[in-house]
Amino acid sequence: MIGIKDEAALAAMRAAGAVVADALAAVREHAAPGVALRTLDEVAREVLDKAGAGSPFLGYRPDWAPVPFPAVVCLSVNDAVVHGVPGETRLRDGDLLSADCGAVLDGWVGDSAISFTVGRSAAPADTRLIATAYEALAAGIAAAVPGKRVGDIAHAVGSVCRDAGYGILQGVGGHGVGRSMHEDPAVPNEGRPGRGVRLRPGMVLAIEPILLGGGQDDCGTGPDGWTVRTLDGSRAAHVEHTVAVTDDGPRILTAPREAAG
């Protein structure tokens with residue numbers, strides 16, 4: 001069942017989304033060569049705690065996971081695509097880091113992800129990959145309007161990715177968001193326009209392109225049971241916003257505070 005949120009619910013979700021934006025901004029600010037991933041998780045936890053927010057990631061255990069997720073943020077480096085578990089690995093200059101974070105505030109969830117390079121040695125290929133991921137996200141958001149369908153969002157995202165020559169992680173993509181982190185409908189990163197659930201005002205969707213730099217879709221799960229990696233060793237980028245479908249156009253609920261409006 002797909003929930004329709006009223007303005008009060010959207011305002012509450014915007015508050016949760018702003019906390020997520022703050023946490024991701026703090027992670028980005030502290031990410032530097034030599035910093036351990038576990039330290040960045042602690043940075044995100046501090047932001048959530050200060051805001052009085054909980055984490056929908058911490059302790060999350062879907063059916064396929066061998067253990068509950070042990071952190072409040074997924075940190076995926078280089079060939080790690082999604083669901084990276086923060087540990088003692090230290091960042092290096094030129095690493096590509098994807099950070100995925102959520103927050104629960106007053107019972108409502110926000111969910112967002114960013115990708116960026118660490119330090120000063122950004123490879124042109126990584127810069128292009130990340131830029132294309134954000135282009136795909138913008139295209140998906142632009143399609144999130146009343147009367148369109150989920151397939152229109154999927155087609156918009158997938159077209160940008162494929163046209164640029166990138167692979168797309170299969171089986172993982174966007175989703176509804178509300179009282180829970182994962183709600184109906186599923187929002188794939190590739191699909192046919194005009195297909196799927198019709199979009200209505202008050203629907204809230206996480207739109208999250210996940211691009212694989214080598215052009216192949218093949219990935220595998222690492223020994224920790226969580227971290228998904230490209231099989232060809234290529235780098236990946238993952239970006240995401242929680243977006244409300246409204247009569248006035250898409251409303252990004254996880255935008256940074258200064259970008260709210």
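In this chain, numbering begins with 1 at the start of the sequence shown. All values derive from a computational prediction rather than experimental measurement.
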Participant: If only side-chain N and O atoms count, and only distance matters, is there a donor-acceptor pair under 3.5 Å linking Asp248 with Thr246?
Facilitator: no

Participant: Do the side chains of Ile207 and Ile252 join up, straight or via other hydrophobic residues, at under 4.5 Å, putting them in one cluster?
Facilitator: yes

Participant: Check the pair Leu137 / His241 against side chain to side chain contact (heavy atoms under 4.5 Å, CB included), numbers first and verdict last.
Facilitator: CA-CA 8 Å; Leu137 177 59; His241 270 308; 3.7 Å; yes

Participant: In terms of hydrophobic clustering (I, L, V, M, F, W, Y; side-chain heavy atoms under 4.5 Å; direct or indirect links), are Val157 and Leu169 co-clustered?
Facilitator: no

Participant: Compare all side-chain heavy atoms of Pro33 with those of Leu91 and state whether any distance is below 4.5 angstrom.
Facilitator: no

Participant: For a salt bridge (charged side-chain N to carboxylate O under 4.0 Å, His left out) check, start with the C-alpha distance between Arg45 and Asp49, then their side-chain angles and the critical distance, and finish with the verdict.
Facilitator: CA-CA 6 Å; Arg45 288 179 191 240; Asp49 289 345; over 6 Å; no

Participant: Is there a path of hydrophobic side-chain contacts, each under 4.5 Å between heavy atoms of I, L, V, M, F, W or Y residues, that connects Val81 with Ile114?
Facilitator: no

Participant: State whether a side-chain donor-acceptor pair under 3.5 Å links Glu208 with His175.
Facilitator: yes

Participant: Calculate, to the nearest 0.5 Å, the distance between atoms CG and CD1 belonging to Asn189 and Ile153 respectively.
Facilitator: 10.5 Å

Participant: Cut-off 3.5 Å, side chains only: do Ser115 and Ser98 have a donor facing an acceptor?
Facilitator: yes

Participant: Determine, stepwise, if the pair Lys5 / Glu183 fulfils salt bridge (charged side-chain N to carboxylate O under 4.0 Å, His left out).
Facilitator: CA-CA 13 Å; Lys5 284 75 174 178; Glu183 297 184 353; 3.3 Å; yes

Participant: Under 4.5 Å between side-chain heavy atoms, counting indirect links through other Ile/Leu/Val/Met/Phe/Trp/Tyr residues: same cluster for Val150 and Val243 or not?
Facilitator: yes

Participant: I'd like to know if Phe116 and Val43 are part of one continuous hydrophobic network [Ile/Leu/Val/Met/Phe/Trp/Tyr, side-chain heavy atoms within less than 4.5 Å].
Facilitator: no

Participant: Counting distance only, does the side-chain N/O of Thr254 pair as donor-acceptor with the main-chain N or O of Thr242 below 3.5 Å?
Facilitator: yes

Participant: Once you round to the nearest 0.5 Å, how far does CG of Leu199 lie from CD1 of Ile2?
Facilitator: 9.0 Å

